Amino acid sequence: MGSVIRYRDGAAKPPARFTKKLVAWGSRNGVGRLVRKQPPRERATSSSPATFTLHEGDFGQGGIIVVSVRRTWSVENDLRFEIVERPTIGMVRVLQELGDSPELLYLAKDREAAERWLASNSYSQAYRRGLHR
């Protein structure tokens with residue numbers, strides 16, 4: 001978790017003057033940070049495939065996040081996904097348990113940065129996990 005992932009459908013980006021087409025294209029072509037992976041689910045009456053969630057950005061003002069954009073994709077979708085950037089060794093993931101799988105809250109450059117983030121952000125079930133060789 002923590003990798004930056006690009007997704008696309010293979011279609012060419014439309015010119016800026018075609019605003020509706022550009023919005024539709026943007027919904028199937030973008031970049032996000034991998035923040036959650038969920039295994040497939042089997043129930044007595046139904047089943048669902050494995051999914052993963054990408055964090056595409058936060059929007060707000062003055063240090064206050066008003067909207068956090070996250071998109072969840074099924075592993076069975078028709079888009080192409082590629083890893084653009086992986087977290088480097090020494091970085092620290094700040095995670096929280098969410099149901100049956102962890103969610104990435106923050107990717108810190110080192111342990112001290114993770115500790116500062118944890119001290120200033122109150123998540124009751126948050127914990128840190130470093131990236132090692």
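What you are looking at is a predicted structure, and each value in this text was computed from that prediction instead of being measured. These values consider heavy atoms only, across backbone and side chains, with no hydrogens, waters or symmetry-generated copies.
The shortest heavy-atom contact between L107 and G2 is CD2-O, 3.8 Å. Taking all atoms of both residues into account, the shortest heavy-atom contact from T51 to S74 is CG2-CA, 4.1 Å. Counting all heavy atoms, side chain and backbone alike, S27 lies closest to R71 at O-NH1, 2.8 Å. Considering every non-hydrogen atom in both A126 and L105, the closest pair reads CB-CD1, 4.0 Å. Between P49 and V75, the shortest heavy-atom contact is CB-CG2, 4.4 Å. In terms of heavy atoms, E97 sits closest to Y127 at OE2-OH, 2.8 Å.
The aromatic rings of W73 and Y7 sit tilted relative to each other, their planes meeting at an angle between 30° and 60°.
Side chains of T72 and F52 form no contact here, defined as non-hydrogen atoms less than 4.5 Å apart. Looking at V31 and V4, their side chains come closer than 4.5 Å, going by heavy atoms from C-beta outward. For the pair R6/R80, no side-chain contact is recorded, criterion being any heavy-atom separation below 4.5 Å from C-beta on. Looking only at side-chain heavy atoms (C-beta outward), P39 and D100 come within less than 4.5 Å of each other. Within the 4.5 Å cutoff, the side chain of R41 has heavy atoms near those of the R43 side chain.
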- Going through the distances and angles, do E82 and I5 end up as a side chain to side chain contact (heavy atoms under 4.5 Å, CB included)? CA-CA 6 Å; E82 66 178 307; I5 298 183; over 6 Å; no
- Task: Take R8 and R28 through the side chain to side chain contact (heavy atoms under 4.5 Å, CB included) test and state the conclusion after the steps.
- Result: CA-CA 6 Å; R8 60 186 170 182; R28 295 183 46 85; over 6 Å; no
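One distance of note links CD1 of I83 with OG of S3; it measures 5.0 Å at 0.5 Å rounding. In this structure, S48 OG and E42 CD are separated by 7.5 Å, a value rounded to the nearest 0.5 Å.
Evaluation of the side chain to side chain contact (heavy atoms under 4.5 Å, CB included) rule for Q61 yields no partner, not counting sequence neighbours.
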Pairs under 3.5 angstrom only: tabulate donor-acceptor contacts from the side chains of residues 87-96 to other protein residues two or more places apart or in another chain.
residue : atom : partner : partner atom : Å
R93     : NE   : M1      : O            : 2.6
R93     : NH2  : M1      : O            : 3.0
Q96     : NE2  : E103    : OE1          : 3.1

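Within the 3.5 Å criterion, the main-chain N or O of Y106 finds no donor-acceptor partner in the side chain of W117.
Note: the hydrophobic cluster containing L54 does not contain V69 (ILVMFWY, side chain heavy atoms under 4.5 Å, direct or indirect links).
A salt bridge does not link D58 to R70: none of the charged side-chain nitrogens sits closer than 4.0 Å to a carboxylate oxygen. Salt bridge annotation for E56-R33: absent, with no cationic side-chain nitrogen under 4.0 angstrom from a carboxylate oxygen.
A side-chain N or O of R36 and one of S101 form a donor-acceptor pair less than 3.5 Å apart.
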